[in-house]
Undergrad: 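Quick one: the structure is below, and I'll ask about it shortly.
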Amino acid sequence: MSSIKLKASAKDGAVEVKALMTHPMETGQRKDKKTGELVPAHFIKEIIVTAGDKTVLTANWGGSVSKNPYLAFSYAGKVGDKIKLAWTDSKGEKDSAEVDVA
């Protein structure tokens, strides 16, 4: 099951994309309250969003982005476009989700 909730809707030639990603987004600077040890960094590094075969957004993130990040943006598109959002994190883990524009 994907950790990404993805929605896309078209209006007046623009597609609005909204994504909520479930991820701990650890900076590597927070200490575990029980052990006092630093919690290892673990955050989404790269997000790529495509509409069909065209890349519409690339984002490079760091540890300063909050837990369970939300991303929203618009691009020039239409109903029926197939949107794919894929991320890769600092541990090499990956996830993706796809949705058709309504």
Side-chain angles (χ1 to χ4, degrees):
M1 185 169 154
S2 178
S3 67
I4 305 167
K5 292 181 183 178
L6 184 61
K7 293 182 180 182
S9 59
K11 184 177 180 183
D12 300 327
V15 173
E16 183 177 22
V17 178
K18 297 178 181 179
L20 180 62
M21 296 160 264
T22 302
H23 196 280
M25 301 299 283
E26 288 290 346
T27 65
Q29 299 177 359
R30 186 177 65 85
K31 289 187 178 182
D32 184 301
K33 292 179 182 177
K34 293 180 182 176
T35 66
E37 299 286 324
L38 286 177
V39 176
H42 185 203
F43 55 87
I44 295 173
K45 290 177 63 171
E46 182 180 55
I47 296 173
I48 298 175
V49 182
T50 56
D53 60 354
K54 178 182 167 190
T55 299
V56 294
L57 177 106
T58 301
N60 295 300
W61 285 357
S64 64
V65 175
S66 68
K67 178 179 178 179
N68 300 328
Y70 173 77
L71 173 68
F73 67 95
S74 296
Y75 75 94
K78 62 188 180 320
V79 171
D81 285 355
K82 182 171 285 296
I83 304 297
K84 180 179 179 183
L85 183 148
W87 60 251
T88 304
D89 72 14
S90 58
K91 292 185 176 182
E93 296 171 2
K94 298 179 180 200
D95 198 4
S96 65
E98 291 185 15
V99 69
D100 291 328
V101 175

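Numbers here simply count residues along the sequence, with the first being 1.
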Undergrad: For residues 77-85, please give each side-chain donor-acceptor pair under 3.5 Å, one per line with the distance, not counting sequence neighbours.
TA:
residue: Lys78; atom: NZ; partner: Asp81; partner atom: OD1; Å: 3.0
residue: Asp81; atom: OD2; partner: Tyr75; partner atom: OH; Å: 3.0
residue: Asp81; atom: OD2; partner: Lys78; partner atom: N; Å: 3.2
residue: Lys82; atom: NZ; partner: Asp100; partner atom: OD1; Å: 3.0

Undergrad: Check whether Ile4 and Phe73 end up in the same hydrophobic cluster, where Ile, Leu, Val, Met, Phe, Trp and Tyr are linked by side-chain heavy atoms less than 4.5 Å apart.
TA: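 Yes; tracing contacts between hydrophobic side chains, which count when under 4.5 Å, links both residues.
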Undergrad: Rounded to the nearest 0.5 Å, what's the gap from OG1 on Thr88 to CD on Glu46? Could you check?
TA: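 Rounded to the nearest 0.5 Å, the OG1-CD separation comes out at 6.0 Å.
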Undergrad: Taking only residues at least two apart or on different chains, which pairs with a member in residues 56-66 satisfy salt bridge (Lys or Arg N to Asp or Glu O under 4.0 Å)?
TA: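 Every pair satisfying salt bridge (Lys or Arg N to Asp or Glu O under 4.0 Å) with a residue in residues 56-66: there are none.
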Undergrad: How would you list, by chain and number, every residue that makes a side-chain contact (heavy atoms from CB on, under 4.5 Å) with Thr27, sequence neighbours excluded?
TA: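 If we apply the side-chain contact (heavy atoms from CB on, under 4.5 Å) test to Thr27, skipping adjacent residues, the hits are Gln29.
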Undergrad: Just to verify, what does Lys91 make a side-chain contact (heavy atoms from CB on, under 4.5 Å) with, not counting sequence neighbours?
TA: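 Result, side-chain contact (heavy atoms from CB on, under 4.5 Å) vs Lys91: His42, Asp89, Glu93.
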Undergrad: Over all heavy atoms of both residues, which pair between Ser96 and Ser2 is shortest? Give the atoms and the distance, please.
TA: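 Where Ser96 meets Ser2 most closely, the heavy atoms are O-OG, 3.2 Å.
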Undergrad: Excluding sequence neighbours, so at least two apart, what forms side-chain contact (heavy atoms from CB on, under 4.5 Å) with Ala14?
TA: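 With sequence neighbours excluded, Ala14 shows a side-chain contact (heavy atoms from CB on, under 4.5 Å) to no residue whatsoever.
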Undergrad: Indicate the atoms forming the closest heavy-atom contact of Lys7 with Val99, along with that distance.
TA: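 Minimum heavy-atom contact is C-CG1, 4.5 Å.
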Undergrad: Table please: side-chain donor-acceptor pairs of residues 49-71 below 3.5 Å, with sequence neighbours left out.
TA:
residue: Asn68; atom: OD1; partner: His23; partner atom: N; Å: 2.9

Undergrad: Over all heavy atoms of both residues, which pair between Leu6 and Ala97 is shortest? Give the atoms and the distance, please.
TA: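 Heavy atoms only, the tightest pair is CD2-O, 3.5 Å.
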Undergrad: Could you tell me whether a side-chain N or O of Ser90 sits under 3.5 Å from a main-chain N or O of Phe43, the two making a donor and an acceptor?
TA: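 A pair under 3.5 Å: yes.
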Undergrad: Could you work out, with side chain to side chain donor-acceptor pair (under 3.5 Å) as the rule, every residue matching Glu98, not counting sequence neighbours?
TA: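 So Glu98 forms no side chain to side chain donor-acceptor pair (under 3.5 Å) with any residue.
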Undergrad: Taking only residues two or more places apart in sequence or in another chain, which ones pass side chain to side chain donor-acceptor pair (under 3.5 Å) with Ser9?
TA: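 If we apply the side chain to side chain donor-acceptor pair (under 3.5 Å) test to Ser9, skipping adjacent residues, there are no hits.
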Undergrad: Mind jotting down which residue pairs meet the salt bridge (Lys or Arg N to Asp or Glu O under 4.0 Å) criterion with at least one end in residues 16-28? Sequence neighbours excluded, please.
TA: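 Passing the test, one end in residues 16-28: Glu26-Arg30.
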Undergrad: With a cut-off of 3.5 Å and sequence neighbours excluded, list every side-chain donor-acceptor pair involving residues 32-41.
TA:
residue: Asp32; atom: OD1; partner: Lys34; partner atom: N; Å: 2.7
residue: Asp32; atom: OD1; partner: Thr35; partner atom: N; Å: 3.2
residue: Thr35; atom: OG1; partner: Glu37; partner atom: N; Å: 3.2

Undergrad: Side chains of Ile47 and Met21: does their closest heavy-atom pair fall under 4.5 Å?
TA: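 They are in contact (side-chain heavy atoms under 4.5 Å apart), so the answer is yes.
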